[in-house]
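These notes concern the structure reproduced below.
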Protein chains: 2
Amino acid sequence: MSAGGGRVRIYDVASRAGVSVATASKALNDTGRMTEDTRQRVKAAATELGFRPNAMARGLIQKRSFTIGLLTNDTYGRFTLPVMAGISEALVDQGVSVFLCGIEDDPALGRVHLDAMLDKQVDGIIASGKRIDRRLPVDLSNLPVPVVYAFTEGHEGSVTLVSDDFQGSAEAVEHLIALGCKRIVHVTGPETFASVKERTKAYRAGIGGDGVVLYGAWSEHWGHEAVAQLWQQGETPDAIFCGNDQIARGVVDALRERGVKVPADVSVVGFDNWEIVAGQTRPPLTSVDMNLKALGREAGRLVLELAEGKPVEPGVRKLPCQLVIRESCGGNAAVTESRGGVVAAVD
Amino acid sequence: MSAGGGRVRIYDVASRAGVSVATASKALNDTGRMTEDTRQRVKAAATELGFRPNAMARGLIQKRSFTIGLLTNDTYGRFTLPVMAGISEALVDQGVSVFLCGIEDDPALGRVHLDAMLDKQVDGIIASGKRIDRRLPVDLSNLPVPVVYAFTEGHEGSVTLVSDDFQGSAEAVEHLIALGCKRIVHVTGPETFASVKERTKAYRAGIGGDGVVLYGAWSEHWGHEAVAQLWQQGETPDAIFCGNDQIARGVVDALRERGVKVPADVSVVGFDNWEIVAGQTRPPLTSVDMNLKALGREAGRLVLELAEGKPVEPGVRKLPCQLVIRESCGGNAAVTESRGGVVAAVD
DNA sequence: CTCCTCTGAGAAACCGTTTTCTCGTGCAGA
DNA sequence: TCTGCACGAGAAAACGGTTTCTCAGAGGAG
C-alpha cells in the first residue's frame, strides 16, 4: 500500500472524501466543527491514500518545525550519545526530530551549524558537552528559540541540567562504608575539574575527614601509577573510590599485578559506568551511573515545554546518579549480569 | 548586530533596498537580470539587517529541505559516530543538516523515525549499522528519496559503502611478515560474521596457507582465553593478528600476565583502531583503521549527488583501510604519539 | 410566522520564499 | 520616424498546508 510516500497532498484527500481542503485539514487535526461522519470519511480517505502532511508547509504557517537541534563538542560521543538517546526517546512520539551537530571546539564551525539550524527554524536547541564546567565555543544567549543546557555550562539565567556528582559519590562512599571498608582513598582526575571537586567533597563528607585524595589524569595509566604510589608509601587502603572508570580499571589491573585481590583485599568503585570499560574490567566494576539518558529525556521534555511557550523555571537542576553494583566491591554483590549490573537499593 | 535571528523577512530587505521582493530574491540568489548596482544594494541591505532566509518557505517551493537523515541501529555509536562526523563534515558547507535517528533493532521505532523524516522532506537518507552483513529492521527500498548504505547491508540495486576488510587485513599481515614474523595466528570473532570471513581469507592469503584461526566472541575475555589455548597446546606464535581491538587487548594482557613480552616475543595487531582500547593497551596497539570518517564523507557526498539528480552507479564500494602503527609490533615503530599513532607508509 | 442562534462546511487569506510572466523604457537598426 | 528587442524590475502565481471569515440552512423561541 501507500508506496508513494510523500506525493499525496491534502487536496487529494479532500477531493476523495468529497469535501474542501479546509474541512479536510480540520478533520485530520481534530479541530473545527463538522459531522462526526464527515470527519471519519476524511480520515478514512487519508488512510487509504497514505496521506502524510508536508511538514514544511505545515511548519511555515504554524511557525513550528517539530525539529530541535543538539549542539555538542563531545566528538567522542561518550557523554553525548546517551544524552542524545534520551532526547530522541522523549521527543520521537511528539513527532520531533533531532539535528545532531558536532562542533569540535571550533567557534566558526559552531556558528555555521547554529545558523543552519536557525534557518531551518528549529523549535529549540539543546547544548551538550563533555565537561560540566565548560561552555561551548558559541554564544547561545540571545537566540530567538529556547535553549537548554545538558551536561555543559549554560549562560546566566538559562535552564541547565547536570548530574548530581555529590549525591552519586556519596552513594558510592556509603556503599563502601556499609561493606565495612575503613580506609577508603580517592583517586581521581585533575583538580581543575568541577566534577572532581564535587566528588572529592562528597568523598570527604562521606568518610568524615580529609582522607587521602590523589589527583591525576583521567587515564588507566594514572590508575596504575596511583596504586604504585599508595603501596610504595605503605598506605594500603581497603577501598579505592575512583574518579572515573578508566582510572578504576588501571587501579584494578595494577592491584591484580601486585597480587592484591579485588574485591577480597580491596574494594574498587568507578564513576561513569561506561559499559565498555566497567564491564570488561576483571572483575567488572561497580560504578556510578550518571543517568545521562534520563538527563537527555528531561532536556528534551524541557526544551519542548519552552518551545510551546510554557514557563520553565531557570537555574541549574541536578539529576540523581545511580550506583550500579557489579563485582569489584564484594559484599552482597550476588548477581552480575554482563550488561547493566544490579542497581543498588536506594534506602 | 543582527541580534534578532530569524525575524527579518525578505520583505524587509526589499523595502530597505527600495525594490520588490521578487527583485530582492533574485539579487540574493544571483539569478535574474538587474543592474549590478541594484544587486549590491540589496545584498548590502540584507547584510545590514542580518537577513537569513526561512528554509521552510524556500524548501516548500524548491522541494529541497537541505536536510538528510541518518538512520542507525548502532546505539553504542562506536561505528556510527565516526560515520556521522564524516557525513556532517561533507555536508555542512553545502548548508545541509543531519537528522540522527537511533532505532534500536525495533522495526516499529524505525518506521516512526523514517516517517517523521519523510514528512520533513529530507533530501536523502543514509542508513548505517554496526554490522556489515545485517540489514536495518526497516525497509528502505521504495522510498521517494535516495538512500545510501554505509556500513550496513543495502537492498538490491542500492548504493552501498563498506570498508575493505580484505585489504586492511592483508596490510596487517604483510606488516607482520615484513617485521620477520614467521608463525602468525589469527584470533577473531564469531565465524558467522562476514567481516570475520573476509579478514580470515586475507590472513590465509597473506601467510600463504591455512594457518591457525581461533574463532570466539568479540571480547577481551576471549582474547585471554585464546592465549591460554595457544600456550596450553604448546603452539607459541611470534605474532597474533586479532579480529578487533578488544580481543587484542585481552591477548596483550594475557601475554603480559604470562611473562611473554609484547612486542619483543610476540607482535600483536588489532582491528578497528578504537582509540579508547587501542591507545590504552600496554603497549598501545598497532591496529587497522577502517577510515569510517572518510566512509561517512563519501556517503554524504553520494547522497547529495543523488538528491541533486546526478546519476550514481549502484553497487558495493569498498573503501580502503589504513594500518596505524603503535608499539605492539616493535620493529620500526619509532614514534608513538598518544593519539592516532603513525600511519604505515604505503610504499 | 418571524427572528435569532447555532451548526456544518466552504472561500479565501496567510506563512515566506522562489519563479514565471508581464510590462515599460531606452536604444539600435531600418 | 517607426519597429523591434533587450533589459531591468515588479506583479502575481505558485508551494501545501492551517486558520479565519463568511454564509446558507436548520431549529427553537416568542
Side-chain angles (χ1 to χ4, degrees), chain A residues 4-43 45-46 49-67 95 116 118-123 144, chain B residues 4-43 45-46 49-67 95 116 118-123 144:
Chain A
R7 302 300 96 193
V8 30
R9 303 170 318 243
I10 198 173
Y11 174 85
D12 304 317
V13 175
S15 72
R16 167 179 265 245
V19 298
S20 69
V21 258
T23 304
S25 173
K26 284 179 286 199
L28 296 173
N29 294 305
D30 282 320
T31 60
R33 292 180 313 207
M34 73 197 63
T35 328
E36 187 53 28
D37 170 65
T38 307
R39 203 182 286 282
Q40 290 310 326
R41 214 170 61 245
V42 173
K43 285 187 175 178
L49 263 44
F51 169 71
R52 308 225 91 219
N54 180 324
M56 302 190 115
R58 160 181 283 179
L60 189 54
I61 190 166
Q62 286 188 160
K63 298 186 179 313
R64 284 233 17 219
S65 62
F66 288 89
T67 281
L118 291 175
D119 289 353
K120 277 153 196 148
Q121 312 292 112
V122 289
D123 298 333
Chain B
R7 301 299 96 194
V8 31
R9 304 168 319 238
I10 199 172
Y11 174 84
D12 305 315
V13 176
S15 71
R16 166 178 265 247
V19 298
S20 68
V21 263
T23 305
S25 173
K26 283 178 287 199
L28 296 173
N29 294 305
D30 282 320
T31 59
R33 293 180 312 204
M34 72 197 64
T35 326
E36 187 54 27
D37 171 65
T38 306
R39 202 180 287 280
Q40 290 309 326
R41 216 170 58 244
V42 173
K43 285 187 175 176
L49 265 44
F51 170 71
R52 308 224 92 221
N54 180 324
M56 299 188 120
R58 160 181 284 178
L60 188 54
I61 189 166
Q62 285 187 162
K63 298 186 180 315
R64 285 252 346 238
S65 62
F66 288 89
T67 281
L118 291 176
D119 289 354
K120 278 156 195 144
Q121 312 291 113
V122 289
D123 298 333

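Numbered from 1 within each chain, the chains take letters A, B, ... in sequence-line order.
For the pair B/Arg52 (side chain) and B/Val8 (backbone), a donor-acceptor distance under 3.5 Å is absent. The main-chain N or O of B/Lys26 is found under 3.5 Å from a side-chain atom of B/Arg39 such that the two form a donor-acceptor pair. No side-chain donor-acceptor contact under 3.5 Å links A/Thr35 to the backbone of A/Thr38.
For the side-chain contact (heavy atoms from CB on, under 4.5 Å) test, residues two or more places apart in sequence or in another chain that qualify with B/Arg16 are B/Ala45, B/Glu48, B/Leu49.
Within 4.0 Å (heavy atoms only), B/Ser25 reaches at least one base atom of the nucleic acid.
The separation between A/Phe66 atom CZ and D/dT18 atom P is 10 Å, rounded to whole Å. Counting to the nearest Å, the C1' atom of D/dT19 and the CG atom of A/Asn29 are 11 Å from each other. Between A/Arg64 atom CZ and D/dG16 atom P the separation is 23 Å, expressed in whole Å. As rounded to whole Å, 10 Å separates atom P of D/dG17 from atom CG of A/Leu28. Taking atom NZ of A/Lys120 as the reference point, atom C1' of C/dT17 lies 16 Å away to the nearest angstrom.
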Anything under 3.5 Å between a protein N or O and an N or O of nucleotides 4-7 of chain D, put it in a table, one pair a line.
none

Please enumerate all protein N or O atoms sitting under 3.5 Å from an N or O of nucleotides 11-16 of chain C, with distances to 0.1 Å.
from   : atom 1 : to      : atom 2 : distance (Å)
C/dC15 : O3'    : A/Lys63 : NZ     : 3.1
C/dG16 : OP1    : A/Lys63 : NZ     : 3.1
C/dG16 : N2     : B/Ala57 : O      : 3.4

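We find the CD-CE distance between B/Gln40 and B/Met34 to be 10.5 Å, quoted to the nearest 0.5 Å. Atom-to-atom distance recorded for B/Asn54:CG and A/Asp119:CG is 8.5 Å, nearest 0.5 angstrom. Distance check, rounded to the nearest 0.5 Å: CZ of B/Arg58 to CG of A/Leu60 gives 13.5 Å.
The shortest heavy-atom contact between A/Met56 and B/Lys120 is CG-O, 4.5 Å.
Close to D/dT18, at under 4.0 Å from its OP1 or OP2, lies no side-chain N or O of A/Thr31.
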